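All remarks here apply to the structure that follows.
Values in this document were obtained by computation on a predicted structure and should not be read as measured data.
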Amino acid sequence: MSHSPSLFEESRSQFQSPALFGRALNHAVDYMAKRHTRVPEKAAFAPVYPSAASRTAMEQFTEPLPQNPGNPGQILDLLHSAGSPATVAQTGGRYFGFVNGSSFPVALAAKWLADVWDQNAAMYVTAPIAAHLEAVCQTWLVDLFSLPETTVAGFVSGTSSATFCGLAAARNHLLQKMGWDIREKGIFGAPRPRVVLGAQAHSTVFKALNLLGFGRDNLEIVPCDDQGRMRPEKMPETNDSCLVITQAGNVNTGAFDDFAAIRDNAPKAWIHIDGAFGLWAAASPGHKHLTRGIALADSWSADAHKTLNAPYDCGIVLCRRPEALVTALQNTGEYIVYSEERDPMLYTQEMSRRARGVELWATLKYLGRSGVGELVAHLCNMAKCMEKQLCQKGFTILNEVVFNQVLVSCPDPEMNPALLASLQEDGTCWCGGSTWNGRPAIRISVCSWATTKEDIDASAGAFARALAEVQKKTRP
């Protein structure tokens with residue numbers, strides 16, 4: 001079945017006229033303005049989470065696949081009228097769930113431009129500018145984190161993918177040392193590298209290990225302290241067939257493993273650091289001590305869309321052994337054209353992907369070294385401010401607030417689920433629930449540059465209101 005030529009003629013004309021894109025820009029600007037303002041008639045903060053009515057309105061999108069082409073302007077209008085109200089305001093200052101960062105305006109604008117470029121960032125030959133900006137970002141990140149000069153970077157969708165890539169490089173490298181070429185022989189019948197990790201490792205680490213053929217029964221779990229830090233003195237003896245996985249920033253407490261001590265206890269092992277949001281502490285003079293010893297590792301994973309506040313999605317895998325990462329991820333084909341320049345697909349598991357390095361470059365270019373440090377310090381200061389206010393309002397803080405995570409509990413832990421439900425219903429801020437040492441808790445992740453002291457005041461006030469409401473309902 002052939003398409004009507006008029007459909008393509010219309011599309012060509014839309015690229016030559018600013019009307020459609022101007023309409024999209026107006027909707028986007030309207031959305032951004034409303035997400036960062038108060039609701040005047042209520043003299044209260046705009047809700048962070050979409051209302052039930054907004055979520056119900058999403059049913060406007062539920063329909064059979066249209067038989068005929070639609071009207072571009074009407075399509076954009078529907079997205080804004082029914083889609084924008086159903087979004088979560090994580091780009092504002094009062095979203096504290098899931099360690100989700102915001103976006104700096106310049107980075108978002110750069111992403112818009114990159115979307116218009118619509119580059120496939122697989123190889124230099126398919127997107128020279130994307131490949132070059134990734135090379136620049138790689139150099140800047142290695143310098144920012146003070147990593148070994150040999151370190152290379154791959155730019156993927158998030159830390160889940162970055163961890164998978166780093167651990168794949170580790171697995172293949174260790175097997176090669178054990179006399180087994182996994183690219184030729186596969187995983188079946190291979191000798192078994194040992195995997196050592198802390199009991200508080202993130203769930204995505206276990207997922208990556210599972211995908212790579214390491215079942216939970218094959219893992220050696222190390223006890224952690226009351227903040228979730230691996231206890232180096234409890235580590236088993238290791239050798240050069242071991243993979244040791246550590247973390248920079250526990251997802252509940254924000255705590256950092258003692259990387260130098262772990263390297264001392266595992267001098268020949270491959271060490272990977274899961275630094276989804278915590279690796280950026282290396283850029284802050286006041287928090288760099290938390291990352292002491294990270295340069296002693298072999299691979300690292302991080303997200304730029306968390307602490308750095310680059311737009312979604314932007315994960316980073318770093319590896320001090322380029323040949324190990326390339327060997328694990330490289331693919332070949334008669335049509336693949338590698339160049340003498342940096343070919344991005346050598347360092348990721350993907351071929352076709354968007355040029356996410358563009359907005360990462362824009363973010364780093366805008367902030368500079370001092371700006372990244374200032375951003376990290378700001379997030380940590382806001383977390384400390386939240387800790388102080390909640391303590392004054394009678395809440396219990398379950399962690400040492402060393403970074404941007406605040407783990408909160410009611411005076412009566414059994415009230416936490418009801419308090420969380422009330423807090424989310426209030427809408428002033430949004431936090432998620434968790435469990436810490438078998439105890440229900442509420443997790444606050446301060447991860448947006450847009451968070452202000454006013455946001456913290458309002459959010460702490462919402463906690464207090466929710467607590468009063470729950471206590472009132474539970475009184476005999």
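Counting heavy-atom neighbours within 6.0 Å of R439 CZ, excluding the residue itself, gives a total above 12. Heavy atoms from other residues, nucleotides or ligands lying under 6.0 Å from CZ of F21 number more than 12. The number of heavy atoms from other shown groups lying within 6.0 Å of CD (E374) does not exceed 12. Atom CD of E233 is surrounded by more than 12 heavy atoms from other residues, nucleotides or ligands within 6.0 Å. Counted within 6.0 Å of CD on E149, heavy atoms from surrounding residues, nucleotides or ligands total 12 or fewer; the atom is thus considered open. No more than 12 heavy atoms of other residues, nucleotides or ligands lie within 6.0 Å of CD in E425, so this atom counts as exposed by the packing criterion.
In plain terms, the two heavy atoms of P85 and A82 that are nearest each other are CD-C, 3.9 Å. V317 approaches A162 most closely through the heavy-atom pair CG2-O, 3.4 Å. The shortest non-hydrogen separation linking Q90 to G101 is NE2-O, 3.6 Å. Scanning both residues, V358 and A110, for their nearest heavy atoms gives CG1-O, 4.0 Å. Here the closest heavy-atom approach between residue V99 and residue R443 is recorded as CG2-NH1, 3.4 Å. I245 and V195 make their closest contact through CD1-CG1, 4.1 Å (heavy atoms, listed as atom of the first residue, atom of the second, distance).
W430 has its side chain within reach of Q424: a pair of non-hydrogen atoms, C-beta onward, lies under 4.5 Å apart. A 4.5 Å side-chain heavy-atom check between V244 and M235 finds at least one atom pair inside the cut-off. Taking 4.5 Å as the limit, some side-chain heavy atom of I444 sits within range of a side-chain heavy atom of L390. Side-chain contact between L364 and L308: present, with at least one pair of heavy atoms (C-beta onward) separated by less than 4.5 Å. You'll find the side chain of C431 reaches within 4.5 Å of the side chain of L423, heavy atoms only.
In this structure, the side chain of R192 does not engage the main chain of F214 through any donor-acceptor pair within 3.5 Å. Here the side chain of R171 pairs no donor or acceptor atom with the backbone of L174 at under 3.5 angstrom. Judged purely by atom type and a 3.5 angstrom limit, R292 has no side-chain atom pairing as donor or acceptor with the backbone of A260. Listed for the K111 side chain is no donor-acceptor partner under 3.5 Å among the backbone atoms of A310. At distances below 3.5 Å, not a single donor-acceptor pair connects side-chain atoms of D303 with backbone N or O atoms of A276. Judged purely by atom type and a 3.5 angstrom limit, R356 uses its side chain to pair as donor or acceptor with the backbone of V156. Remark: the backbone N or O of V251 is paired with a side-chain donor or acceptor of Q405 at under 3.5 angstrom. In this structure a side-chain-to-backbone donor-acceptor pair under 3.5 Å is present from T87 to S84. Looking at D225, its side chain does come within 3.5 Å of a backbone N or O of Q227 through a donor-acceptor pair. At distances below 3.5 Å, at least one donor-acceptor pair connects side-chain atoms of T291 with backbone N or O atoms of K288.
When R321, H173, R320, H272 are each tested for a side chain to side chain contact (heavy atoms under 4.5 Å, CB included) with S299, only one passes: H272. When each of V222, N250, I262 is paired with D257, the side chain to side chain contact (heavy atoms under 4.5 Å, CB included) condition holds for I262 and for no other.
Classification of the F463-F395 ring pair by plane angle, with boundaries at 30° and 60°, yields perpendicular. Ring orientation note: the planes of H289 and H287 are close to parallel, at an angle under 30° on the 30°/60° scale.
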* To do: Check step by step if salt bridge (charged side-chain N to carboxylate O under 4.0 Å, His left out) holds for E359 and R354.
  => CA-CA 11 Å; E359 62 262 26; R354 70 178 190 85; 2.7 Å; yes
* To do: For I397 and V406, run side chain to side chain contact (heavy atoms under 4.5 Å, CB included): C-alpha distance rounded to whole Å, both residues' side-chain angles, the deciding distance at 0.1 Å, then the answer.
  => CA-CA 7 Å; I397 306 301; V406 185; 4.0 Å; yes
* Full working for side chain to side chain contact (heavy atoms under 4.5 Å, CB included) between N100 and V88 -> CA-CA 11 Å; N100 287 350; V88 178; over 6 Å; no
* Asked: Can you list the steps and then say if L296 with I271 is a side chain to side chain contact (heavy atoms under 4.5 Å, CB included)?
  -> CA-CA 8 Å; L296 301 173; I271 294 180; over 6 Å; no
* To do: Show your reasoning for whether side chain to side chain contact (heavy atoms under 4.5 Å, CB included) applies to M382 and W449.
  => CA-CA 10 Å; M382 290 296 97; W449 66 268; over 6 Å; no
* **Working for salt bridge (charged side-chain N to carboxylate O under 4.0 Å, His left out), residues E469 and K472** => CA-CA 5 Å; E469 181 180 334; K472 181 179 179 180; over 6 Å; no
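One distance of note links CD of Q471 with CE of M415; it measures 5.0 Å at 0.5 Å rounding. In this structure, CZ in F164 is found 10.5 Å from NZ in K207, a value given to the nearest 0.5 Å. Separating the SG atom in C137 from the CH2 atom in W361 is a distance of 8.5 Å, to the nearest 0.5 Å. The distance from atom SG of C165 to atom CG of L329, rounded to the nearest 0.5 Å, is 4.5 Å. The structure places SG of C429 at 9.5 Å from CG of D455, a figure rounded to the nearest 0.5 Å. To the nearest 0.5 angstrom, F277 atom CZ is 13.5 Å from F98 atom CZ.
Counting only N and O atoms by type, the side chains of N309 and S102 include no donor and acceptor under 3.5 Å apart. In this model, a donor atom of one side chain and an acceptor atom of the other lie less than 3.5 Å apart for D457 and Q389.
Take F145 and apply the ring-ring contact (aromatic ring centres under 6.0 Å, His included) test, not counting sequence neighbours, and it matches W280.
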